[in-house]
Amino acid sequence: MSFILFTIGTLLLSSFSMAKTTVHAEDSSQIKDVIISQNIPEMTVNAEENQIQLNGLHIYQDGHFKEVTENVKWHSKNKNVATVDEDGVVTLTGQNGRSFITVEAGTFHDEIAVHQKPSGLEIVKQKGDRYNVIDQAIAGMTLKEKIGQMLMPDFRNYNGKNVTEMLPEIEQLIQEYHLGGIILFRENVVTTEQTARLVAAYQDAAEKYGLLMTIDQEGGIVTRLQSGTDMPGNMALGATRSPEIAENVGRVIGEELEALGINMNLAPVLDVNNNPDNPVIGVRSFGESPELVAEMGLAYTRGLQSTGVAATAKHFPGHGDTAVDSHLGLPEVPHDKERLLEVELYPFQQAMDSGIDAIMTAHVTFPKIDDTKVISKKDGTEISLPATLSHKVLTGLMREEMGYDGVIITDALNMLAIQDHFGPVDAVIRAVNAGTDIVLMPVGLEEVADGLLNAVETGEITEERIEESVKRILTLKIERGIIKEETPAPIEEIVANAEQVVGSQEHKKVEKEAAERSITLVKNEDALPLQVNAGDNIVVIGNTYRDSLYDAIRAHHSKTELISASGPLSAAQLKYLQEEADAVIIGSHTSNVNGRSPNSSQMQMINQVIENLDAPVIAVGIRNPYDIMAFPEIDAYLAQYGFRDASFKATAATIFGDNNPTGLLPITIPSQAGETLYEFGHGLSY
């Protein structure tokens, strides 16, 4: 009996191994059809400069699909209207009429029509169940494969080392859990070549479906690529008041990500930063006006999505009016629905109506939307349910009331707002039942994957709920062309292209213009533009990013000294300034309320310099424009909204009159007493 069981087990294992090998090898006997992917109803067809890129897809017996480039033939039935090359690139002649473009692969073939009319181009797709590839794919998936599509872990580091190249252990996890996506961090994306190779290796590791390769490349203070074009950040863009610049910035970010193989960006931030005390959003927001946030956010999204990279609006329903960082605690937004619809939700509704690809949820409680109470595992106290885990917020508000049917992704589930109060599996089950599609950075991949599997098997989550999410995820992948390739492009070609695109001179010009147009001259008591002679002595004072400010100033005036100080200066330093300084430029840098308190060491130092010097004292708000609240008596104050090199160079050019400041405050700066110090829209020029 034991021998029989052993033999059966061996045969089962053998057949499993053979099946797995066959799937990975993609035996041609498994292919059941070839179609033109642009015939899929969910696929968007774009024509650029009278050309259309068509792609052939092999459909396999189990329903999965892959892009095919070898041993395919393309034909045009009316070359007077359109021609097609061996790579499926259709070129329109400009003559009116219709041509059928066909693809052949072995015994399989498909066709699509291009119809040039006086009014424009029409793509006539074929119809029928043959092209319903998403439902067919889902029908052929195991439950474990479906759950895998919803999981997006990070591999920031592994065994104590930053992951900058593919590891066998990670490849095994991708295949074992059938992962649908990966999020990359700054530790993973060091150089252009290394990043392109890593991303290609991730895609190669996936067996059936393309991976969502995701990153937080917002621009400004949240910039992951170490070799890319940094961009000055959202509040800087808000200060420009230029949707054209915002769209260009989104396009440049998208072009660099696309060249590297990164196909999804967790941007733009659509939070309305109407709380000066916000410690986590701040300059990541376009500003305090819902209309400005919507206008600039939609422009950024147009630019980003025009490159084929998926955009993600965050953090729904709005993380702007909080004074707690959800990485560290559980914030609350107390407003009722009417106020939320007018302010926090307005940019998200505009983004939904404009076809945003995905929306990220906030680990923030909204008790007027969902007053559900749960018991915290941290200390047993009663807490409100965060939006990320709320069915009323994600399904009731976002899906049903606001009409959104795109992908919902959680914010990172390892943040303390979730991790402190909920178990890893409990949090994920709640998020999925609430309506989320992608689980970002779950705590314990194996535990969470097994927990979801068990939850479906026990009925805690229905399989239909899982399939709804998988359908949205696959729809996004098809819309954005995130499809596994049978024959990927040679890695050397990918690297060569990426090195041409990432950090290009054209991109640097966009960055420079955005930075220069963003600089906001908030106060000027005849101190700027700075008038100095070659022999005059300028002293730069600062602590955080002092070298960046110093280098930018010294590039304009060689006789520039640097004093490093995070607190009040010594008597000797003050005496030196009084006797030697013809002008003083101080860089202030804060990221929280305590930092900009007049009692903080940095602000005491700035006020000390103001009080003891006759020479002009100019302050630069390196990050938060609110810093002037602590030193309102300054002679001149410039807001630059971020600490990237382009912003420092733009500030220096402004100080010396080479850039006429045109930036307008995207927020209101209050006084310490709570009155208005500088209004929204305020900005001086020369």
Side-chain angles (χ1 to χ4, degrees), residues 40-44 133-135 137-138 141 145-154 178-184 206 209-217 254 257 262-270 297-298 301 304-305 308-317 347-362 387-391 393-400 402-413 428 431-442 452 461 464-483:
I40 300 172
E42 294 82 4
M43 176 70 86
T44 302
V133 300
I134 294 176
D135 286 344
I138 293 172
M141 285 183 178
E145 285 177 321
K146 294 172 190 174
I147 289 171
Q149 283 295 305
M150 301 175 68
L151 299 175
M152 185 180 284
D154 70 300
H178 312 287
L179 297 180
I182 305 289
I183 180 172
L184 299 169
Y209 297 96
L211 289 171
L212 289 171
M213 294 302 302
T214 307
I215 200 166
D216 292 283
Q217 188 75 357
L257 295 179
I262 300 170
N263 49 46
M264 186 176 188
N265 193 9
L266 300 182
V269 170
L270 291 188
L298 264 61
T301 300
L304 182 64
Q305 293 188 171
V309 174
T312 310
K314 61 187 188 186
H315 308 80
F316 185 90
F348 289 102
Q349 184 69 73
Q350 298 301 307
M352 292 175 193
D353 295 345
S354 298
I356 192 91
D357 289 314
I359 293 180
M360 176 182 282
T361 63
T388 294
L389 311 182
S390 167
H391 187 273
V393 172
L394 302 193
T395 299
L397 178 60
M398 197 192 309
R399 295 276 190 225
E400 295 171 2
M402 299 180 74
Y404 181 64
D405 196 37
V407 169
I408 298 176
I409 179 172
T410 71
D411 206 342
L413 291 181
V428 171
V432 171
N433 272 330
T436 201
D437 300 309
I438 296 176
V439 175
L440 181 63
M441 295 168 64
L452 281 173
I461 300 175
E464 289 76 17
R465 170 75 273 282
I466 299 293
E467 289 179 352
E468 288 171 6
S469 289
V470 177
K471 185 164 187 173
R472 291 191 192 97
I473 293 165
L474 291 184
T475 297
L476 173 59
K477 289 182 177 182
I478 283 175
E479 285 178 336
R480 291 293 164 209
I482 304 168
I483 296 170

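Position 1 is the first residue of the sequence; numbering continues from there. Just so it is clear, the values below take in all heavy atoms, side chains as well, and ignore hydrogens, waters and symmetry mates. Model, not experiment: these values are computed from the prediction.
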For the OG1 atom of Thr214 and the CG atom of Leu257, what is their distance to the nearest 0.5 Å?
10.0 Å

Within the structure provided, determine whether Leu413 and Met441 are in side-chain contact (heavy-atom separation under 4.5 Å).
no

Closest approach of Ala311 and Leu304, non-hydrogen atoms and distance?
CB-CD2, 3.6 Å

Kindly give the heavy-atom pair with the smallest separation between Met360 and Leu440, and that separation in Å.
CE-CD2, 3.8 Å

Tell me every residue that passes salt bridge (charged side-chain N to carboxylate O under 4.0 Å, His left out) with Glu467, counting only those two or more places apart in sequence or in another chain.
Lys146

Kindly give the heavy-atom pair with the smallest separation between Ile438 and Met152, and that separation in Å.
CG2-CB, 3.7 Å

Counting N and O atoms only, with roles assigned by atom type, does the side chain of Thr388 sit under 3.5 Å from a partner on the main chain of Ala362, one being a donor and the other an acceptor?
yes

Could you give the distance from CD (Gln350) to CG (Leu298), rounded to the nearest 0.5 Å?
6.5 Å

Run the numbers on Met141 and Leu474 for side-chain contact (heavy atoms from CB on, under 4.5 Å), then give the verdict.
CA-CA 12 Å; Met141 285 183 178; Leu474 291 184; 3.9 Å; yes

Say you draw a straight line from CD1 of Ile408 to CZ of Phe316; how long is it, rounded to the nearest 0.5 Å?
8.0 Å

Are the side chains of Ile356 and Leu270 in touch, meaning some heavy atoms are under 4.5 Å apart?
no

Sub-4.5 Å side-chain heavy-atom contact between Ile409 and Lys314:
no

Would you please name every residue forming a salt bridge (charged side-chain N to carboxylate O under 4.0 Å, His left out) with Glu479, sequence neighbours left out?
none

Residues which pass side chain to side chain donor-acceptor pair (under 3.5 Å) with Ser469, listed by chain and number, not counting sequence neighbours
Asp437, Arg465

Listed by chain and number, what are the ring-ring contact (aromatic ring centres under 6.0 Å, His included) partners of Tyr404, not counting sequence neighbours?
none

Answer yes or no: is there a side-chain heavy-atom contact under 4.5 Å between His391 and Asn433?
no

Could you give the distance from CE (Met213) to CD1 (Ile183), rounded to the nearest 0.5 Å?
10.0 Å

Return the set of residues passing side chain to side chain donor-acceptor pair (under 3.5 Å) with Gln217 (not counting sequence neighbours), or none when no residue passes.
none

To the nearest 0.5 Å, what is the distance between CD on Glu42 and CD1 on Ile478?
6.0 Å

Is any side-chain heavy atom of Leu397 closer than 4.5 Å to one of Met402?
yes

Do Thr361 and Val393 touch side chain to side chain, with heavy atoms closer than 4.5 Å?
no

Ile182 versus Leu211, closest heavy-atom pair with distance:
CG1-CD1, 4.3 Å

With sequence neighbours excluded, residues passing side chain to side chain donor-acceptor pair (under 3.5 Å) with Thr410
none

Taking every heavy atom of Asp135 against every heavy atom of Lys471, the minimum-distance pair comes out as OD1-NZ, 3.2 Å

Which of Thr475, Asp357, Asn263 passes side-chain hydrogen bond (donor to acceptor under 3.5 Å, both in side chains) with Arg480? It is Asp357

Determine whether Met398 and Met352 make a side-chain contact, defined as any pair of heavy atoms from C-beta on separated by less than 4.5 Å.
yes

Nearest heavy-atom neighbours spanning Asn265 and Asp216
OD1-C, 3.9 Å

Would you say the side-chain atoms of Lys477 pair up with the backbone N or O of Gly180, donor to acceptor, closer than 3.5 Å?
yes

Heavy-atom check, side chain of Ile466 versus side chain of Gln149, under 4.5 Å:
no

To the nearest 0.5 Å, how far apart are CD1 in Ile40 and CD1 in Ile483?
6.0 Å

